[in-house]
Amino acid sequence: MLEGKYNFLETEKKWQKFWQDEGIYKFDPKSNKPMFSIDTPPPTVSGELHIGHISGFSQADMIARYNRMQGKNLFYPLGFDNNGLPTELLVEDKKKIRAHTLPREEFTKIALDLVSGYNQAYRDMMVRSGMSCDLSLGYNTIDNRSQKTSQKSFLDLARRGIAYREDKPSPWCCKCRTSVAGFELEDKDLDSVFNYLNFPLADGSGTIPIATTRPEFLPACVAIFVNPDDDRYKSLVGKKVRVPLFEDIEVTILSDDKVGIDKGTGIVMCCTFGDQTDVEWWKEYNLPLKQAIDDSGSMTEIAGKYAGLKTTDARKAIIDDLKEKGYLYNQVPITHAVKVHERCGKPIEFLSKKQWFIKTSTPELKEKWLELGDQLVWHPAEMKTRYRAWVNNLNQDWSISRQRYFGVPFPVWYCKNCGNVILADEKDLPINPLSSSPKVKCKCGSSEFIPESDVMDTWATSSVTPQINMNWADDEEYAKTHIPMDMRFAGRDIITTWCLRTIIKSYYHQNCLPWKSLLINGWVMADKGIKISKHLANSKMKLSDLLDTYGADVIRYWCAIGAYGRDVLFSDEGLKDGYKLLNKIWNASKFVLSFLQDYTPKKPKKILPMDRYIIHKFNQAYDDTRAFYDDVEMSFAKNEIERFFWNFCDNYIEIAKNRLYKPEVYGEDAKESAQWACYNVLLGMLKLLAITMPHITEEIYQDYFVKFEKVKSIHLTTLSKINIEDEDKIIDNGDLVIDIVSKVRQFKSENKLSLKTELTNIEIVNDDLDFIKDCEMDIKAVSSAKEIIYKTGEFAVNVGKPILSE
RNA sequence: GGGAGAUUAGCGCAGUUGGUAGAGUACCUGCCUUACAAGCAGAGGGUCAUAGGUUCGAGUCCUAUAUCUCCCACCA
C-alpha cells in the first residue's frame with residue numbers, strides 16, 4: 001500500500017538495482033520475439049557526463065522503452081570509445097607516463113585499466129539516469145573484439161584497393177605530432193600581422209609588393225600568383241622574382257583566378273604548404289615540394305640560418321631581418337580565422353607524409369552516399385539536408401593514418417627490399433605489427449620487413465560499431481542478417497563525421513546501410529546560443545547534483561521537452577513541471593489504489609456511462625500517444641498522456657470518488673464499475689508514463705498491479721488498449737457532462753463559493769438528454785446539487801440557488 | 001559568399017493537409033473540496049518579426065527585408 005510522500009532517492013535506487021539483478025533489460029539471443037537493435041554511440045570517456053549528454057541518451061532511451069513495451073527483444077548495448085588521441089593524452093596525464101616509451105600492448109593494458117574506472121563512472125551515471133541499456137553488451141573500442149573488427153575492416157578495404165597508401169599533403173598538428181582529418185579542424189580568430197614585402201624582380205627591373213602573414217614560409221616559396229583579370233599585374237605573368245632573404249631562390253609569376261584582386265596587394269606567394277590553396281596550386285601547376293617546417297613545428301634545413309627555430313621564433317627573426325634589409329615596407333595588424341586542431345586548439349600546418357586513405361570522394365561514391373542517405377529514415381527529417389550538403393562538399397579521401405602510438409595498429413608491414421605491402425592474415429587478428437612479423441616471405445624473396453608504426457584514426461574504429469555489435473569479425477553470416485541495425489541516435493555535430501563514415505563502412509562491407517533509422521537530437525543550451533559543454537557545466541547543471549535534487553524521472557521528463565532535434569534552453573521550469581507530475585502520479589495512484597485494496601479485477605456486467613467514457617477517452621489518448629512515439633516525437637507523446645492523466649484526475653476521479661466512497665448511497669454495482677475503470681485506466685496510464693518516468697511507475701506497479709498482471713516488471717509489460725465495446729458518440733457525450741460540471745464550477749468560482757457548496761438545483765437544457773440523464777447520479781454528486789431539472793432546447797446550464805449554512 | 005533553422009501571450013514553447021490563435025508557466029480572483037495547497041476552480045493577456053503577393057479566407061503557401069543560431073566556403 002502506497003503511503004506518505006514519494007521518496008525518489010530511495011525508490012529509484014531500489015528499482016535500478018532490481019532491474020540489474022533481475023536482468024530486466026537483458027537481450028535474449030534465443031528469444032522468438034522480434035529483435036530491435038540500437039547502435040548506441042559509444043561515448044568518449046573523459047571528464048564528466050552532463051545534462052547535455054544525458055538528454056540525447058534519455059530521448060533515445062524512450063524510443064528503446066517504447067519498442068520494448070511492444071514486445072520486442074531489445075539489443076541495446078553501451079560501449080565506450082577509448083582508442084584514440086584523447087585517451088592516449090588522458091592516460092599520459094593521469095599515469096605520468098609517455099606512451100611511446102612502453103610496448104604498445106603494455107600501454108593498451110594500462111589504458112584499459114584506467115579507462116575501466118571511467119567507464120564504470122559513466123555506466124553508473126547512465127543507470128542512475130534511468131537508461132535501460134543491457135550493460136553486458138558493452139565494448140571498448142580498444143578491446144580485442146573492436147581491434148579485430150577494425151583491422152578486418154582495413155584488410156578488406158586494402159585488399160580491394162579501397163584503402164590505399166599515398167604521399168600527400170594533409171593537415172598536421174605539430175603539438176600532437178600527428179596528421180589530422182579535415183573535419184577535426186575548427187576555425188579560430190587569431191591576431192596576426194600582414195607584412196608587406198617587396199620582392200625584387202629577377203631581371204632587376206623593379207619590385208612587386210606581396211603581403212603575407214607567414215614570412216617564415218619564404219624558404220618554401222615555389223611560385224607567385226596574380227589574378228589573370230588584374231590589369232595592374234597582367235604584364236608580370238611569366239617573369240621571375242627573387243625571394244627576400246633567400247635571394248638564391250627564383251620563382252615564376254603565374255596567374256590563377258583563385259587570387260583575390262582586392263586581398264592584400266593582389267599578389268600572393270605560394271609556399272608548400274601554407275594553406276589548402278597552396279596544396280591545390282602545388283598539385284595543379286606541378287610545383288616543387290619544399291618543406292620548411294618539420295613535424296614538430298621547427299624550421300628545416302632549407303631555412304638556412306633559421307633552421308631549428310620554432311615557427312614563431314623564426315617569424316620574429318625573419319621579420320627583423322626583412323626590416324633590416326629593407327624588404328619590409330609596412331605592417332598592418334589583422335584578425336583572421338585560422339584552422340586549428342580541435343583537440344588542442346593549436347594552428348595546423350600542411351605536411352606531406354605517406355598515409356593510408358579510404359576512397360570516399362569520387363563523384364560515383366558521393367552519388368552512392370546520397371542514395372544511401374535517402375534510404376535512411378531521418379528524425380527529424382530536415383537533418384538529411386545537412387548530410388546532403390556535407391556529402392556534396394566532400395573533396396578529399398578519408399585519411400586514417402595517425403602518427404600516434406595508442407590505437408588500433410595497421411595490420412601491415414612493408415618489405416625492406418622492395419617496399420611491397422604485406423597484409424596480415426585475417427585469422428591472426430588482432431595483431432600488432434611492431435611485435436610480430438609476417439609468416440611468409442615477400443614475393444621478392446626478402447624476409448625483412450618494416451612494420452607500420454602508425455595507428456588508425458579513432459573514427460576508423462568508431463565507424464564499425466554495427467560490425468562490432470553484430471560480431472562481424474567472428475560471424476559474417478550473423479552480421480549480414482543483422483545489419484542494418486534498427487536505430488542509431490547521435491548529436492547533430494556528428495552527422496557529417498561519425499554517421500557518414502559509418503554509412504561508408506557498412507556500404508563497403510555489407511553493401512547496405514548501417515541502420516534503418518537515425519535520430520539526431522538537439523543540444524542543451526546553457527543560455528541563448530551557448531551549448532552546454534564540459535567547462536560550462538556548472539554545479540547547477542552538474543548531472544549528479546541534478547539527479548540528487550530532482551531524481552532521474554524528473555530529469556527524464558525535462559529531457560522530453562520540445563520537438564525532437566531542436567535545441568532546448570536549460571531551465572528550472574521544466575524540472576518544476578516534472579516534479580509536479582511526479583507528485584501528482586503518486587497522490588492519484590495512492591488515492592485510487594486505496595479503493596482497490598480488496599478488489600479482484602473483473603469486468604462488471606454493467607459499466608456506468610462516465611466509466612465507459614473515461615475508458616474510451618483513454619483509448620483515444622493511447623492511440624495519439626503511440627502515433628507520436630511512432631513518429632519519434634517523445635515530447636508530444638509525453639504531453640498527450642500527461643494531458644489525459646491530468647484530465648483523469650481533475651474530472652473523472654472527482655466524479656468517481658463519490659461512488660467509491662459511498663457504495664451504501666450509490667450502490668455496489670456503481671462502485672465496481674468505477675473500480676474496474678480505475679484499475680484499467682490507471683494501469684494503462686502508468687505503462688505509457690513508464691516510458692518517460694520508469695521509476696515511480698515501477699514502484700506503483702510493483703505495489704499493486706504485479707500480483708494480477710503477473711509480469712515481473714512494468715517495463716516488460718506490453719502496451720495495450722482497454723478492451724471495451726464500441727459506442728457511438730461516447731466521447732462527445734462524456735465531454736458534454738464534463739462541460740456541465742465545469743459550468744457549475746464556474747458559477748461557484750465567480751460567486752466566490754466553495755466547490756462543495758450545495759445547490760438547490762441545476763437546470764440542464766439540451767436537445768438530447770438521454771446520456772445526461774444516465775449520468776444524473778454522478779452530476780448530482782460532483783456538483784452537490786439536490787435536484788436536476790431537464791429541458792429541451794439549445795445547450796445551457798442554469799445553476800440554481802446555493803444553500804448556505806450559517 | 002552558399003546552405004539550414006528560428007522569430008507566436010511577460011517567459012520558455014505547440015500549432016500536422018490554409019478555415020474563429022493553443023496548453024504550460026508567471027500574474028490576478030477565489031477555494032482547506034474525506035488523494036494532492038508542490039493542490040483545486042476561475043479570469044485577464046497575442047497587429048503570429050516587417051513589407052508585399054496568391055486566395056473567398058494566411059501563423060500556415062510565395063517573394064523580399066530585418067534580427068538571431070548553426071553548418072560550409074574564404075583565410076595569401
Side-chain angles (χ1 to χ4, degrees), chain A residues 2 5-6 182-183 187-190 192 194-195 210-215 217 221 224-225 258-260 263-271 274-278 281 334-339 347 380 382-390 392-393 395 492-493 495-496 522-523 525 528-531 561-563 565-574 576-577 579-595 627-628 631 633 635-636 639 642-643 646 649-650 653-654 657-658 660-662 741-742 744-757 782 784:
Chain A
L2 306 179
K5 281 205 149 195
Y6 178 60
F183 57 80
D187 288 343
K188 202 167 169 182
D189 282 328
L190 293 177
S192 186
F194 240 145
N195 298 285
I210 293 180
T212 177
T213 53
R214 310 238 12 218
F217 268 111
C221 183
I224 303 291
F225 280 93
K258 276 205 267 296
V259 178
K263 265 187 193 170
T265 63
I267 309 181
V268 195
M269 62 174 194
C270 169
C271 310
D275 62 22
Q276 187 63 39
T277 315
D278 290 343
W281 280 335
I334 55 157
T335 303
H336 66 162
V338 176
K339 288 243 181 279
E382 67 265 21
M383 291 298 172
K384 192 167 85 180
T385 45
R386 286 167 192 264
Y387 171 86
R388 294 188 67 90
W390 175 268
N392 282 324
N393 275 326
N395 53 20
R492 196 170 54 212
D493 42 338
I495 295 177
T496 50
W523 285 325
M525 311 299 276
K528 280 219 163 129
I530 302 170
K531 182 185 158 191
I561 278 181
R566 287 287 195 69
D567 296 344
V568 207
L569 218 61
F570 183 84
S571 75
D572 298 338
E573 296 278 306
K576 233 169 79 187
D577 289 352
Y579 198 83
K580 271 173 63 173
L581 176 63
L582 194 78
N583 208 33
K584 190 81 175 176
I585 292 173
W586 182 255
N587 283 315
S589 302
K590 192 166 75 174
F591 183 62
V592 166
L593 293 181
S594 72
F595 296 107
F628 281 127
D631 222 21
E633 284 292 2
S635 163
F636 301 157
N639 288 347
E642 185 182 356
R643 184 165 38 231
W646 229 272
C649 292
D650 296 339
I653 292 186
E654 287 305 315
K657 74 182 185 187
N658 298 294
L660 292 166
Y661 266 122
K662 295 179 186 161
V741 173
S742 217
V744 177
R745 285 171 174 168
Q746 186 179 352
F747 172 86
K748 288 181 180 175
S749 192
E750 277 167 0
N751 290 284
K752 303 189 176 178
L753 297 168
S754 159
L755 288 181
K756 66 173 183 185
T757 309
V782 79
S784 309

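When reading the values below, keep in mind they use all heavy atoms of this one structure, side chains included, and skip hydrogens, waters and symmetry mates. Convention: sequence-line order gives letters A, B, ...; per-chain numbering from 1.
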Does A/Asp650 reach the side chain of A/Lys584, with side-chain heavy atoms less than 4.5 Å apart?
-> yes
Identified stems (criterion: three or more consecutive Watson-Crick or G-U pairs, under 3.5 Å), RNA chain B | B:1-7 with B:66-72, B:28-31 with B:39-42, B:49-53 with B:61-65
Assign each of A/Thr213 and A/Ser742 to its nearest nucleotide of RNA chain B by heavy atoms, then name whichever residue's nucleotide is nearer the 5' end.
-> A/Ser742
Do A/Ile267 and A/Ile224 come within less than 4.5 Å of each other through their side chains, counting heavy atoms only?
-> yes
B/G59 versus B/U17 - spacing of their P atoms, nearest Å | 15 Å
Rounded to whole Å, CG of A/Asp567 lies from P of B/C71 at a distance of 11 Å
Parallel, tilted or perpendicular, as decided by the 30° and 60° cut-offs, for the rings of A/Tyr6 and A/Trp586 = tilted
Residue-phosphate contact under 4.0 Å: A/Trp523 side-chain N/O, B/U69 OP1/OP2 = no
Annotated protein contacts, base or backbone, on nucleotides 26-35 of chain B with a non-hydrogen cut-off under 4.0 Å, one of B, S, - each = S--SSS-BBB
Integer angstrom distance from the P of B/C28 to that of B/U67 = 38 Å
Rounding to the closest angstrom, what is the interatomic distance between B/C70 and B/U63 at atom P?
-> 26 Å
What is the distance from CG of A/Asp577 to C1' of B/A14, rounded to the nearest Å?
-> 14 Å
Rounded distance [0.5 Å steps], CD in A/Glu633 versus CG in A/Asn639 | 10.5 Å
Does A/Asp631 reach the main-chain N or O of A/Ala627 with its side chain, forming a donor-acceptor pair under 3.5 Å?
-> no
Taking atom P in both B/G2 and B/G10, what distance in whole Å separates the two?
-> 36 Å
Reckon A/Val592 touches a base, only the sugar-phosphate, or nothing at all at heavy-atom distances under 4.0 Å?
-> nothing
Here the distance between atom C1' of B/U25 and atom CG of A/Asn639, to the nearest Å, is 13 Å
Nearest-0.5 Å distance that lies between atom CH2 in A/Trp281 and atom SG in A/Cys271 = 10.0 Å
Using the P atom in both, what is the distance from B/U60 to B/U55, to the nearest Å?
-> 16 Å
With sugar-phosphate meaning primed atoms plus P, OP1 and OP2, does A/Ser635 contact a base, only sugar-phosphate, or nothing at under 4.0 Å between heavy atoms?
-> nothing
Exam field: side chain A/Lys748 to backbone A/Leu755, donor-acceptor pair closer than 3.5 Å = yes
Between A/Thr277 and A/Arg643, which has a closest nucleotide on RNA chain B that is more 5'?
-> A/Arg643
Minimum side-chain heavy-atom gap A/Ser589-A/Leu2 below 4.5 Å | yes
Euclidean distance for P, B/A9 against B/G45 (whole angstrom) = 15 Å
Which is true for A/Phe225 with a 4.0 Å heavy-atom rule: it touches a base, it touches only sugar-phosphate, or it touches nothing?
-> nothing
Are more than 12 heavy atoms from other residues, nucleotides or ligands located less than 6.0 Å from atom NZ of A/Lys258?
-> yes
At under 4.0 Å, does any side-chain N or O of A/Arg566 touch on OP1 or OP2 of B/C13?
-> no
Starting at atom CG of A/Leu2, determine the distance to atom P of B/C36, rounded to an integer number of angstrom.
-> 14 Å
Figure out the CG/C1' separation between A/Asp631 and B/A14, and round it to whole Å.
-> 15 Å
To the nearest angstrom, the CG-C1' distance between A/Leu569 and B/U25 comes to 15 Å
Nearest to the side chain of A/Thr385 - B/G12, B/A4, B/G15?
-> B/A4
Nearest-Å distance once atom P is located in both B/U29 and B/C36 | 25 Å
Indicate, with a heavy-atom threshold strictly under 4.0 Å, whether A/Lys5 touches base, sugar-phosphate, or nothing.
-> base
CD1 on A/Ile210 to OG1 on A/Thr212, rounded to 0.5 Å | 8.5 Å
If only atom types and distance count, is the side chain of A/Asp278 paired as donor or acceptor with the main-chain N or O of A/Asp275 below 3.5 Å?
-> yes
Using the P atom on both, measure B/A73 against B/A14 and round to a whole Å.
-> 30 Å
Report the distance from atom CZ of A/Arg386 to atom C1' of B/A73, rounded to the nearest whole Å.
-> 16 Å
Side chain of A/Asn583 (C-beta onward), nearest among B/U25, B/A4, B/C36 = B/C36
Whole-Å gap separating C1' (B/A41) and CH2 (A/Trp646) = 15 Å
